[in-house]
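Heavy atoms only: backbone and side chains are in, while hydrogens, waters and symmetry mates are out.
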Amino acid sequence: MDNQDIAFILNEIGEMLEIQGEHPFRSRAYHRAAYAIQGLAEDINDIYKENNLEKIPGVGKGIAERIVELLKTGKLAYYEELQEHVPPGLLQLIGIQSVGPKKAKLFYDKLGIADVEELLKAADEHRLKDLPGMGPKAEENVRAGVLEFQHLRERILLSEAYPLAENIIRQLDEFDFILRVSAAGSLRRMKETIGDIDILAASNEFSKTMDVFCNLSEVSRVLAKGETKSSVITQIGLKVDVRVVSPEQFGAALQYFTGSKEHNIHLREIAKKKGLKVNEYGVFEVKTEKRMGGAAEEEVYNLLGMQWVYPVLRENKGEIEAATLNNLPNIVNLSDIKGDLHVHSNWSDGLNRIKDVARAAKERGYEYVAISDHAEKLKIAGGLTVDDYRRQWEEIEVANKEIGGVTILRGTEVNIDNEGNVDFEDDFLREFDVVTASIHGGFSQNKEQLTRRILRAIYNKHVNVIGHPTGRILGKRPPYLLDLKAIFKAAAETGTFLELNSFPDRLDLKDDYLKEAKDVGVKFVINTDAHSIGQLRYIFYGLATAQRGWLEAGDVINTYSLEEMMKMLGKE
DNA sequence: GCCGTTTTCGGCCCGACTGTTTTCAGTCG
C-alpha cells in the first residue's frame, strides 16, 4: 500500500460517511488527512516505521490507527463495514451534478439505486420525481447530470484549459460595462490539471454581464444562471463558472474565488480569531459589521496580518504561516530563466535543426541552450552513437560561430537501463557540457529495483541531471515506484540536479515533491524536453509548477549565467 | 475525527443558487 492507496481509501471513507449522514466534521477530517497524504513525497510506510504518522497534519490518533491497520494487513475492517452499507457504485452518484450525499442515500434507500446506469433508468421512467424533496425539475436535472457525467471529460491539462480561459476573458474584456475580469480558481493557481474554469468579473451591471457570458459561442448548455453567479458547460465538455461583483468587492471576491478551499478555510479561521469575518464581499469586523476593506486582494491579506500570498502557493501547505511571518519564498519567475538544458533536434527524434533551435532560444532571450538528443541505446528515438555525437559537435561549433548571442551546449539524454547503467564510458561522457540521464523503459520493476537504477545514475559522477525523475504521464501512466526520500538525499549529497520537465502532461517532478526535495537541499533545472521549437514555450508550465513547489531562483541552475552554471555543473 | 496564544472540550468558513417548499434543505465552490 502506498500513499495514493491510503489517500484513496481515506477519501472514500469520507464520502461514505457523508452518505451515511454522519457528522460533517468527521468526514471532513478523513478528506483532510487524505489530502495531506496525497501530497507527501515520503513513503507512508517509512513514516509509520519512524512512528511519525500523527505528525502528518490532519492525522490524529483515530486515523493513524486506521492507517496502521491498512499498512499491516492490507485491509481495514472499518472500511469493509462501511462498504456493506454504502455499495461502491453509490460513490459514483455523488460525482453527478446536482446529486450529493443526501440524494444518493435517498435514491438507494427508497429505490435501491446503487450505480449510475440504474439512476438513469429510474430518471427515464420518472420514478425519481415523487421522492420527498424531488420534483419534475430536479428529476430532469439528475437525468441531464447523468448524461453529462457519461460524456464529461475528466480533469483536463492546464495547457488545454489555459488558452480557453484566456479566450473567454478576452471576449468579456471587450464589453465596456465589464470593468475587470480575471481567471480565478485552480486555473489562477496554475494547478497541473483543471476540473473547471472559474472566472471573476467586476461590473455595475450584473445581469447584462451574465447575459453576455451565457451567450458566448463556447457555451453549449447553461447549468445555472443567477444574478451574480452562473455555470455553463462548454462545447468541449468543460464547466465554466462565472461570478460578478461590484468593483469595490473585486479584491475580496478574487481572493475567495481563487481558493483553494483549504487555503480559504484556514484564512477564515484566522479571521475569526481576530474578530473579523472574510467573505467574497470584503473583510468585516464581526462586532460592528463594519467593512474594513476588500477592493484589492492585498487588503484582505494585510488586514489579517499577513503578506499577500501568490496564487500559486494557496494550497494551505504552510503559505499562511509563512505570510504571517513575512517569510514567503521569493518564487522563481519566467524572467529568471536563462536557458534550457534539454531540447531535442532532428539528429534524434526532434523536428528542428540545431541552428533553428538556437535561433528560437535566442528569440526567447536565453543565454544558452543544450542540445540533448537521445543516446544510442534508445533506438526507437533515433539514439546517437559516439561518432554521431562527434559529428553533431562539429555542427554545434559551426552554428555557435554563425548565430552568436546564444551559446549552444553539447548535451545528451542518456538512457538508464534496467540495471542502472547509462550509455557510454566515463571518458566520453566527460566530453559533454551536460549529461541528463532518464528512464525510458522497465517501468514494471519493483520499487527497490527502480530506486537502485536511479541511485546508480545519481552516483555516476558524469551524470549531471536526472530527467523526468518519476516518469509519470498525466492521465496515462502513473509515476514509477520510487523511494523518493532516498533519491532526494542522494541527489543533494552528490550535487546531482533533478529535472523539472515542463511538458504539460509530465510536469515531473511535481509541485509537492519539489518542495520536499528543496527542503533537503536538492537543486533543480527547469527544462522543456522540447522536440520542436514551438514546444520551448512549455517552460511557462514548468515555471508555474516550480512556483507551486516554492522554488526560488537560487534553487534552479538555469537561472544562473552561463559561466556560473558551468561551474555548478563541474565544468570550468 | 482533529486540534490548541479562549489548549483536553467545544468548536470546526461562508454564501449563492435551485427546487422544493411556504421557510428550508441540498448542493456547490
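The environment of A:Arg180 atom CZ is sparse: at most 12 non-hydrogen atoms of other residues, nucleotides or ligands sit within 6.0 angstrom. No more than 12 heavy-atom neighbours from other residues, nucleotides or ligands sit within 6.0 angstrom of CZ on A:Phe8.
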Inset, instruction - Classify every nucleotide of nucleotides 3-11 of chain B by which part a protein heavy atom approaches to under 4.0 Å, writing B for the base, S for the sugar-phosphate alone and - for neither, in 5'-to-3' order. - result: S--------
Legend entry - Contact state string [nucleotides 19-29 of chain B, B base, S sugar-phosphate only, - no protein heavy atom under 4.0 Å]: SS-----SSSB
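By the 4.0 Å N-to-carboxylate-O rule, A:Glu174 lies too far from A:Arg170 to be salt-bridged with it.
The distance from atom CD1 of A:Ile37 to atom C1' of B:dG1 is 13 Å, rounded to the nearest whole Å. Rounded to whole Å, atom C1' of B:dG1 lies 11 Å from atom CZ of A:Arg28. Atom pair A:His23:NE2 and B:dG1:P shows a separation of 12 Å (rounding to whole Å applied).
Checked against side-chain hydrogen bond (donor to acceptor under 3.5 Å, both in side chains), A:Asp198 has no partners two or more places apart in sequence or in another chain. With sequence neighbours left out, A:Asp43 forms a side-chain hydrogen bond (donor to acceptor under 3.5 Å, both in side chains) with A:Asn45, A:Lys447. Legend: residues meeting ring-ring contact (aromatic ring centres under 6.0 Å, His included) with A:Phe503, ordered by chain and number and at least two apart, are A:Tyr538.
A:Gln307 pairs in a side chain to side chain contact (heavy atoms under 4.5 Å, CB included) with only one of the listed residues (A:Asn302, A:Asn326, A:Leu325), which is A:Asn326.
Looking at which nucleotide of DNA chain B each of A:Ser230 and A:Asn264 is closest to, the 5′-most match is held by A:Asn264.
B:dA25 and B:dT20 are spaced 9 Å apart, taking the C1' atom of each and rounding to whole Å.
Side-chain atoms of A:Asn316 and A:His263 form no donor-acceptor pair, as typed in the model, at a separation below 3.5 Å.
The stretch residues 304-325 of chain A has no heavy atom under 4.0 Å from DNA chain B, so no residue of it qualifies as close.
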